Amino acid sequence: MEDVTSAVPEPPPDWLTAATRITALTGAGISTDSGIPDYRGPQGVWTRDPDAEKLVTLSYYLADPDIRRRAWLMRAELSARAPRPNAGHAALADLERQGRLRTIVTQNVDGLHQAAGSSPERVVEIHGTVHEVECLGCRARTTMRSALERVAAGEPDPACLVCGGILKSATISFGQELEARAVDAAVAAARDCDVFLAVGTSLQVWPVAGLVEVALRSGARVVIVNAEPTPFDDLASLLVAEPIGTALPRLLAP
Ligand SMILES: [Zn+2]
């Protein structure tokens with residue numbers, strides 16, 4: 001450990017300011033300032049409400065049309081809230097404009113990095129996105145917007161227009177495998193960076209916990225910005241427990 005503190009050092013350490021290939025990993029904590037609750041965490045919506053968890057569990061979703069109908073209503077409600085990116089997302093978009101960002105790997109499905117101005121090709125969404133829907137039969141994709149228009153027009157559980165199969169948000173439900181292509185891209189980004197910046201994630205679930213190890217083995221320094229302790233705090237070069245929205249802009253200033 002070095003430079004370990006829970007506050008953002010002023011100025012930030014030279015090695016961070018000089019970093020030119022930063023890989024950021026973001027979790028639910030970066031989106032809470034945008035009004036998006038942490039669904040999966042220890043106090044998460046789904047953790048506290050097993051009935052709500054059925055809406056995002058593949059086996060229930062496949063088996064029960066009523067679960068699907070409720071899931072579409074939930075998606076419509078989330079979409080209507082129209083969350084906006086916050087200062088944390090903006091700081092990472094600015095890092096790309098500085099030419100210092102390699103990749104953002106995100107556990108979030110809200111699309112707020114792209115909404116803040118991060119290039120889509122630099123964002124790896126390992127849990128997918130709520131802005132698209134995918135057919136669980138033929139894998140055809142369409143937009144969430146078009147699916148929700150069908151729901152609003154009176155189809156409680158719109159079927160795939162290609163094959164008639166079951167449509168679901170293009171997110172990784174419980175019981176559903178991660179997309180190998182996204183995981184591979186995340187591992188490559190962890191292996192090939194000078195600083196690995198973990199933001200708003202407890203680093204307790206695969207594959208993100210493994211990404212920290214990959215980055216460390218590859219010689220990157222690790223920065224952790226999170227309100228709660230993580231299993232990797234002792235291995236981090238810098239720990240920050242300040243709120244993400246105020247910490248990131250100062251940490252990542254040019
Ligand atoms: Zn289909």
Side-chain angles (χ1 to χ4, degrees), residues 26-28 31 34 36-40 44-47 49-83 85 103-116 118-189 205-208:
T26 64
S31 288
S34 294
I36 297 176
D38 177 1
Y39 287 97
R40 294 173 186 252
V45 174
W46 297 332
T47 316
D49 182 358
D51 199 47
E53 189 176 341
K54 286 183 182 174
L55 304 183
V56 291
T57 300
L58 188 62
S59 55
Y60 288 108
Y61 191 86
L62 284 171
D64 188 347
D66 189 54
I67 292 285
R68 296 199 292 277
R69 183 186 62 77
R70 289 170 53 200
W72 285 112
L73 293 177
M74 174 185 73
R75 290 167 193 144
E77 184 192 315
L78 291 174
S79 173
R81 281 189 217 164
T103 298
I104 297 172
V105 177
T106 186
Q107 298 173 269
N108 301 334
V109 296
D110 51 39
L112 290 181
H113 287 300
Q114 297 92 322
S118 290
S119 303
E121 61 270 22
R122 287 194 186 267
V123 181
V124 177
E125 298 172 305
I126 51 173
H127 289 153
T129 174
V130 291
H131 295 290
E132 292 183 13
V133 299
E134 185 175 82
C135 172
L136 294 169
C138 74
R139 300 288 161 197
R141 282 204 176 202
T142 180
T143 62
M144 178 61 77
R145 180 190 301 263
S146 65
L148 289 179
E149 283 170 0
R150 292 173 63 193
V151 175
E155 289 183 72
D157 178 24
C160 174
L161 293 173
V162 178
C163 78
I166 292 173
L167 291 182
K168 188 179 81 62
S169 63
T171 55
I172 305 298
S173 295
F174 293 114
Q176 194 172 16
E177 283 185 30
L178 300 179
E179 296 223 6
R181 197 172 45 178
V183 175
D184 289 349
V187 171
V205 293
W206 189 87
V208 298

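Quantities reported herein were computed from a predicted structural model and do not represent experimental measurements. For ligands, and for the atoms within them, numbers begin at 1 and follow the listed sequence. Residue indices begin at 1 and follow the sequence shown.
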Taking salt bridge (charged side-chain N to carboxylate O under 4.0 Å, His left out) as the definition, give me every residue that meets it alongside Asp157, ordered by chain and number, with sequence neighbours left out. Arg68

Could you name all protein N, O or S atoms found under 2.8 Å from the Zn ion (ligand 1)? Cys135 SG, Cys138 SG, Cys160 SG, Cys163 SG

With Arg75 via salt bridge (charged side-chain N to carboxylate O under 4.0 Å, His left out) - residues at least two apart: none

Please tabulate, for the side chains in residues 178-187, all donor-acceptor contacts under 3.5 angstrom to protein atoms that are two or more places apart in sequence or on a different chain.
none

Thr26 and Val105: CA distance, side-chain angles, deciding distance, side chain to side chain contact (heavy atoms under 4.5 Å, CB included) verdict: CA-CA 6 Å; Thr26 64; Val105 177; over 6 Å; no

How about CZ on Arg145, more than 12 heavy atoms from neighbouring residues, nucleotides or ligands closer than 6.0 Å, or not? no

Got more than 12 heavy atoms from elsewhere within 6.0 Å of CD, Glu177? no

